[in-house]
Amino acid sequence: MGNLEIAKLLRNVAAAYTIKDERKFHFQIVAYQKAADSIENSPTQLQDYYKDGKLDTVAGIGISIKGHLEELFTKGKVKYFEWALEGVPPTAFVLMDIPSFGPKTAYRLVEEFGLTNPGTVIKDLKDLAQKGKVAPLKGFGEKSQKDILRAISEFKEGKGKTTRMVLPYASEIADGIIDHLRKCPDVADARVLGSLRRCLPTVGDIDIAVASNNPTSVLDHFVSYPHIERVIEKGKETSSILTSGGKQVDLMVQPIENFGSLLQHFTGSKNHNVALREFSLRKNLSLSEHGIKDLTRKNSGIQHYSSEEKFYQAIGLSWIPPEIRENTGEIELAAKNSLPKLIKTREILGDFHIHSSFPIEPSHDLGKNTIGEMTKKAISLGYKLLGFSEHNPSISKHTPEEIYKLIELRNKNIEHVLSGTKSIRILKLLETDILPTGKLAIDNKSLRLLDFTVVSIHSVFSMDKESMTKRVLMGLSHPKAKVLAHPTGRLLNDRPGYELDWPKVLSFCKKYHKALEINAWPTRLDLSDQIVRQAVEQKVKMIINTDSHAVDQMDNMKYGVAIARRGWAQKSDILNTLDYNKFIKWTKL
DNA sequence: GCCGTTTTCGGCCCGACTGTTTTCAGTCG
């Protein structure tokens, strides 16, 4: 059973408790939800922790849940869970996947109507609502009935938060709305917050904060945004809309003098904020988007903060970069003023995974721009180093001798470009396939033409973890192989990527001086931030590359840097911050 | 049910908004 399934099971237990007696089980509910959160975000399969006897090292898993999970892995089911879930029809859990359906509403409806078929429950409820059967129920009404119908249809169409956007797409939508907001004279400042500010690889909804002393005017202006499908809600200081593209945008307004409190609150993450408030409570301070209350001084009112720095300072912490606000140790370090100095985009001096249009007759896609054009772009970005790593020439269409000649020609082309510039050094690389056998796609004679090669998996993704790990490590063990590109092969919103035995891969890379790539391609962003964090802890070097196939794409570096930051990487963890001599020295280790 | 730089017992974040209600329950973040 995978992590997502296990998390869902724990959530169902929490929901069942909520239905049965929310007050009595309040803290169990919170505990099960916390455990589910942390399992969902775990980069390692829970089954592997179980095998190593390390289940309770996962945050939120204590003695009790650990016992239940052990039973789950040995017997495939858990008596206690079955007891907890008893009496709640499986159909209720199906309805709970629809936004606006919580445990109470879902349970109430399946009970009232005797809905027992999980396969048809959504359609069954829709039919009942259309016939007007929901409105007469106590606690419901005409409006609720309409809302149910709309929630079902939006859920089926994948609107709202049901489908996540990749980061650049979400940024584009957010920019459009920020532009619209700035046209309102009462908007003093408008900023994108939430998961977009924290730079998550995918974003569920867009959160925007506005500083204004006239919130009513701002909210009226917000809902007048032209590309809008409907207003989800609109109150005195917050509003949510659904754009015509089916994306949810949440807005919060606070007075200018309290904008810092709002920035902090609305950036999240939820786990960071909860932990921050618990931390502050121990100092008798109560935090909210409205500011900070000192609980020791009755009727002293609430203190406002115009900047985030002042807000964090008021609770005894140094300012925490948004990318690491996930409650994974940042609060403790901020209290000691010893947060890491995270890598910055301007510290990047080179890009070592780019594809030119040179006709190398590759097995995969060719770039769109020439070596000269790509080099010019690199210089404009202030880079001192560049590495061309087109895909290796197709091995099914060429003899080894032809491959050798193609690479030789490409190299001559690079030397030609290089002779016209002094401001940048160019390395001769390739992106070489690791074949299913673990061998590299081209022979040693051709590999000797290269400074080094980036290696990667482009075929037969369906191998099990052990075989794939063996394959990758064999490919990496070639002396010319220095970088493992897009190490998990994941494509966001498309495929999850293959599994690797990370402890093994990390210790191999450390021992043999191999680097893991953080691929800045918007739908890859691979490594994940969690594995970056592990690599940082194990002192494994990483390199951030754009995998560009055109000059514009070289601007994607910032997304890769964002993932590195989310994984707590510093300049010293990232190889493409090195100058020429130091970098070359590393390639020869 | 989890957790610990005041605690191995006694705590556990904080608020906005909506619909159906005459004071609140449910959902969301």
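Fair warning: this is a prediction, and the values are worked out from it, not measured in the lab. First the proteins, then the strands, lettered A, B, ... as listed; each starts at 1.
Across all strands, A:Leu281 comes closer than 4.0 Å only to sugar-phosphate atoms, never to a base (heavy-atom distances). Residue A:Phe25 is out of contact with every strand shown, counting any heavy-atom pair closer than 4.0 Å. Counting any heavy atom pair closer than 4.0 Å across all strands shown, A:Lys270 reaches no nucleic acid atom. Residue contacts shown for A:His290 are limited to sugar-phosphate atoms, with no base heavy atom under 4.0 Å away. Across all strands shown, A:Ser239 has no heavy atoms under 4.0 Å from either base or sugar-phosphate atoms.
Here the separation of B:dT20 from B:dC14, taken at their P atoms, is 31 Å to the nearest Å.
The listed nucleotides are B:dC28, B:dT18, B:dC14; the one nearest the side chain of A:Pro99 is B:dC28. Of the candidates B:dT7, B:dC2, B:dT27, B:dT7 carries the atom nearest the A:Arg282 side chain, counting heavy atoms from C-beta on.
Listed by first and then second residue, the ring-ring contact (aromatic ring centres under 6.0 Å, His included) pairs that reach into residues 130-184 of chain A are A:His180-A:His221, A:His180-A:Tyr225, sequence neighbours excluded.
Here A:Phe27 packs flat against the base of B:dC12; its ring centre is closer than 5.5 angstrom to the base's six-membered ring, tilted by less than 30 degrees.
Distance check: A:Leu525 CG to A:Thr523 OG1 gives 8.0 Å after rounding to the nearest 0.5 Å.
One interatomic measurement links the two molecules: CG of A:Leu251 to P of B:dA16, which rounds to 15 Å at whole-angstrom precision.
Comparing A:Glu233 and A:Leu295 by the nucleotide of DNA chain B whose heavy atom lies nearest to each, the residue mapping closer to the 5' end is A:Leu295.
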